[in-house]
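Here the structure is laid out as structure tokens; the discussion comes afterwards.
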Amino acid sequence: MMRPTAIVPLRFAFAALLAVAQTSVASHAQTPPPSAAELRVFDPSLIDTSVDPCENFYLYSCNGWLKRNPLPADQTSYGRYTELAELNRLQLRQILEQAASPAAGATRSPNEQKIGEEYASCMDTAAVNKLGIAPLQPELDRIAAIKTAAQLPAEVAHLQSIGVNAFFGMGSNQDFNDSNSVISFYGAGGLGLPERDYYTRADPKSIEQRLGYVAHVRKMFSLAGEPDAEAAKDADTVMAIETRLAKASLTITEQRDPQNLNHPTDVAKFSNELTHFSLNQFVAAAGAPATGRMNDMEPKFFAEFNALVADTPIVQIRTYLRWHLLHAYAGTSLPDSFDRENWNFYSHILNGAEKEQERWKRCTRRVDRELGEALGQVYVAKYFPPAAKMRALNMTLAIEQAMDKDIDSLDWMSPETKVKAREKLHSVMNKVGYPDKWRDYSKLEIVPGDALGNQMRADQFEFARDLAKIGKPVDKGEWGMTPPTVNAYYDPQQNNVNFPAGYFQPPFFSDKEDDAANYGDMGSTVGHELTHGFDDEGRQFDKDGNLKNWWTKEDEEKFTARADCEVKQYDAIEAVPGVHLNGKLTLGENLADLGGLWLAWLAWLDKAETAHIDMTAKVDGYTPDQRFWIAYAQQWCTQTRPEQLRSQALGNPHAPDEYRTNTVLSDLPEFAKSFSCRKTSKMVAATPCRVW
Ligand SMILES: [Zn+2]
């Protein structure tokens, strides 16, 4: 989802990473997106004055936008984040088309040549269709050649290196207990459905989705040339193996607690536990260290994986691997029939899309994924002037100052914990725009006309790059998002906030609008990311990014009691009939939303006072404080399909946009005051929650 988020799940939960990739379908095929000049941070034309702001502030602030923006057929959700992402994507398209077919006599930089050739090979559907499944044949042959379990480890390593989600995930990450070192992490994985609960829920909709998944796997095997009866049997095999892996995996809520994922061991010891899977052969084939400290993120999962290898016939394991190979390449690298079937299950059945995204959009996303910093380098040179970076940095510093004062004024926290909290705040590193040092892709070979081979080489390149970090010092300058991304994140292990260049633009930030608009909108996001350092997950890391408790017991209890108020508040929300939000799963984001908006409010009040802003002077009919709250709400205007809303309520750590607006604001008496809401209004919580 295109939403401000914490990077933690992306960095170490391999299964979660796949779920994001599969559901992030968003584009705008029917009507062109508005031009940048039309987008405003505070936009009075979006307000519906027939709605009472004290009854439903989201609808009051957004109804004009909702009426103007019916959900296009190829979308599962469409909001203001998508609006900007679409504009950025048009800019990327122009860069890529120029790089793909440069004007006569024009010279291309090595990066431009690479992104241009990769984009062109992805767009060349005639070549992809003509080649059919042939480019994958050598890989299918390798899997067919596995005759005994002893041959499995080397092949699993190879498949993982080419981007196949085979059984589990292995990669590098910062040691939870030692922020100076990078070690190998082994995590649960190997599922084709978005996450483990899809395999276990007993409600009719989930059962229907599982049947749909088995039908999809069967269809993919058929497309790969299997007779139908065999394809049907094989699909059942895949479902049985994945269900077993799923049941041994942590839930996404359990994964949010880093303590649940911190099981330091060493490679030799881990190797002794995997009695039926030679770790030595696996690491040798993967190019990972054969000794040294590592993290077994989910011991229960790996015990089950070990048992599964021991008691599953090798023919069934081959079937499982064949499915994941087809699945990994089904997007833009295999013929239309695979592509279409892949879309049908993941976008249409699971999330309700009615039409597939245009090819150029998917190819743009692909180049962004594979060569993100090569594309990003060209993007920022063209679209992110140094002045924009300064403005973004200044706002970040203002919000940090507000947090410093806020911590100081908390009535529930002891002086000793306050000292530690402020120490942590002062150590936060602000990263804005793009990396200081760009990633070097010179060793990645892109071959014109070879879409599948290019995907494979790009995955191998990234796999090797990631593993090469093991044993080296932590590189805090590295980015987890590409520059054109409309999103932001806080990294608790590095204690830094990251705001990609693509985000600091209208409708989220504009130097043509005043502070009330900019702080209500972008300011709240900056505050959101900072607050992640102090949410239920981030607060467990110290200023250096070690998983180490710096709280007194009493303060910890007070924090938990206050956070529980939000758990209950969101648990009570029924997002779609029969599906409530998961207060524990969304707690970190909800804490960040409320804390972030509060910090933006404090920072803005400071700015307004310094600038002697007249708080009674109306612009467009609204006072500055009213425009602050409306700008906050308008960032969340979004259309969402019921299927997508259901997926989000069940599995996304962010609450749906309507609640990110209304529930958050209902906790703030300052909001109620701005709109003179009565105590009994829907927009005023009976028991308001507040942590930060
Ligand atoms: Zn977040």
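Side chains are part of it too, since the values below use all heavy atoms of this structure and drop only hydrogens, waters and symmetry mates.
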Query raised in the report: Will you find, in the side chains of Ser347 and Asn351, an N or O donor that is under 3.5 Å from an N or O acceptor?
Result: no
Query raised in the report: Among side-chain atoms of Asn344 and Glu356, is any donor-acceptor pair under 3.5 angstrom?
Result: no
Query raised in the report: Hey, are Thr586 and Tyr659 close enough side-chain-wise for a donor-acceptor pair under 3.5 Å?
Result: no
Report task. Please work out which of the three classes, parallel, tilted or perpendicular, describes the rings of Trp692 and Phe534, given edges at 30° and 60°. Result -> perpendicular
Query raised in the report: Are a donor atom and an acceptor atom from the side chains of Glu589 and Asn652 found within less than 3.5 Å of each other?
Result: no
Report task. Check the side chains of Ser427 and Asn495 for a donor-acceptor pair under 3.5 angstrom, ignoring hydrogens and angles. Result -> no
Query - Between Thr251 and Asp197: side-chain donor-acceptor atoms closer than 3.5 Å - result: no
Report task. Please confirm whether the backbone N or O of Leu84 pairs with a side-chain atom of Arg89, one donor and one acceptor, at under 3.5 Å? Result -> no
Query raised in the report: When the ring planes of Phe345 and His216 are compared, do they come out parallel, tilted or perpendicular, using 30° and 60° as the limits?
Result: parallel
Report task. Give a yes-or-no answer on whether the side chains of Asn487 and Thr485 include a donor-acceptor pair shorter than 3.5 Å. Result -> no
Query raised in the report: Is there a donor in the side chain of Asn496 and an acceptor in the side chain of Gln494, or the other way round, less than 3.5 Å apart?
Result: yes
Query raised in the report: Checking side-chain hydrogen bond (donor to acceptor under 3.5 Å, both in side chains) for the pair Glu86/Tyr78: CA distance, chi angles, key distance, verdict?
Result: CA-CA 10 Å; Glu86 289 296 294; Tyr78 185 81; over 6 Å; no
**Report entry** Charged N-O contact under 4.0 Å between Lys67 and Asp48
**Finding:** yes
Requested in this report: For a ring pair (Phe, Tyr, Trp, His ring centres under 6.0 Å) with Trp629, tell me which candidate from Trp601, Phe675, Phe57 qualifies.
Outcome: Trp601
